[in-house]
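Since the structure comes first, as structure tokens, the remarks are kept for the end.
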Amino acid sequence: MNYLIFTQAGFEDAQENVLENNATLWINDGILSDKQLKALSSADITINILPILVNPTHEKEIFAAIETIETEYPDTELFVEYL
């Protein structure tokens, strides 16, 4: 299971599910604090910082990020933050 998160609010909404499902997290750079990164790493959550900052209101950027994840994880469920 993968989560694609663009904002701090989105992470806060998804955090419990990410931890419960031991999900893989794809997230914009600068969203997670050092404390959050450490806590997630300690919980064995795989964290992937998106290579480019995705504007959560720009559809083309969102689709490009989804395509990247689906290429790497073709048979997994993907939850995407939606604004």
Side-chain angles (χ1 to χ4, degrees):
M1 182 176 296
N2 287 274
Y3 280 77
L4 176 57
I5 306 293
F6 308 112
T7 66
Q8 179 65 37
F11 173 72
E12 290 171 8
D13 287 345
Q15 182 176 6
E16 186 176 321
N17 289 327
V18 169
L19 291 168
E20 286 176 4
N21 294 299
N22 195 32
T24 298
L25 182 63
W26 296 79
I27 194 160
N28 268 335
D29 192 24
I31 299 300
L32 300 174
S33 68
D34 289 341
K35 183 178 177 180
Q36 289 170 317
L37 286 167
K38 187 175 179 180
L40 290 167
S41 293
S42 295
D44 292 325
I45 301 298
T46 301
I47 304 163
N48 298 287
I49 303 299
L50 294 168
I52 60 165
L53 190 62
V54 176
N55 179 338
T57 62
H58 193 273
E59 204 170 277
K60 281 180 119 176
E61 291 180 17
I62 294 168
F63 285 132
I66 290 171
E67 190 174 285
T68 298
I69 296 166
E70 287 181 339
T71 299
E72 191 165 331
Y73 298 93
D75 298 322
T76 191
E77 198 168 9
L78 177 62
F79 293 91
V80 180
E81 177 183 3
Y82 181 75
L83 298 178

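Everything numeric here is computed off the predicted structure, so don't read it as measured data.
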Sorted by chain and residue number, the side-chain hydrogen bond (donor to acceptor under 3.5 Å, both in side chains) partners of Q15 (sequence neighbours excluded) come out as none

Show every ring pair (Phe, Tyr, Trp, His ring centres under 6.0 Å) that has at least one partner inside residues 23-70, sequence neighbours left out.
none

Taking all non-hydrogen atoms of both residues, which atom of P56 and which atom of L83 are closest, and how far apart?
CB-CD1, 3.1 Å

Distance-minimising heavy-atom pair for V18 and I45:
O-CD1, 3.6 Å

Partners meeting ring pair (Phe, Tyr, Trp, His ring centres under 6.0 Å) with F6 (sequence neighbours left out)
none

With sequence neighbours left out, what residues match N55 under side-chain hydrogen bond (donor to acceptor under 3.5 Å, both in side chains)?
T57

With E20, which residues qualify under side-chain contact (heavy atoms from CB on, under 4.5 Å), at least two apart?
E16, N17

Atom pair CG/CD of N2 and E70 - distance to nearest 0.5 Å:
9.5 Å

Is L25 close to F11 at the side-chain level, that is, under 4.5 Å between some pair of heavy atoms?
yes

Supply the atom-to-atom distance E72 CD to N48 CG, rounded to the nearest 0.5 angstrom.
6.5 Å

From N28 CG over to I5 CD1, what is the distance, rounded to the nearest 0.5 angstrom?
10.0 Å

How would you list, by chain and number, every residue that makes a side-chain hydrogen bond (donor to acceptor under 3.5 Å, both in side chains) with Q8, sequence neighbours excluded?
E12

Applying side-chain hydrogen bond (donor to acceptor under 3.5 Å, both in side chains), can you list everything that pairs with T68, at least two apart in sequence or on another chain?
none

Among residues two or more places apart or on two chains, list those pairs meeting side chain to side chain donor-acceptor pair (under 3.5 Å) that have a residue in residues 34-45.
S33-Q36

Set of ring pair (Phe, Tyr, Trp, His ring centres under 6.0 Å) partners for Y73, sequence neighbours left out
none

side-chain contact (heavy atoms from CB on, under 4.5 Å) filter on I49, not counting sequence neighbours, yields I27, D29, I47

Interatomic distance, CG@L4 vs OG1@T24, rounded to 0.5 Å, equals 12.0 Å

If you round to the nearest 0.5 Å, how far is CG of L40 from CG of L32?
6.0 Å

Taking V80 as the starting point, is it possible to reach M1 by hopping between hydrophobic residues whose side chains are less than 4.5 Å apart?
no

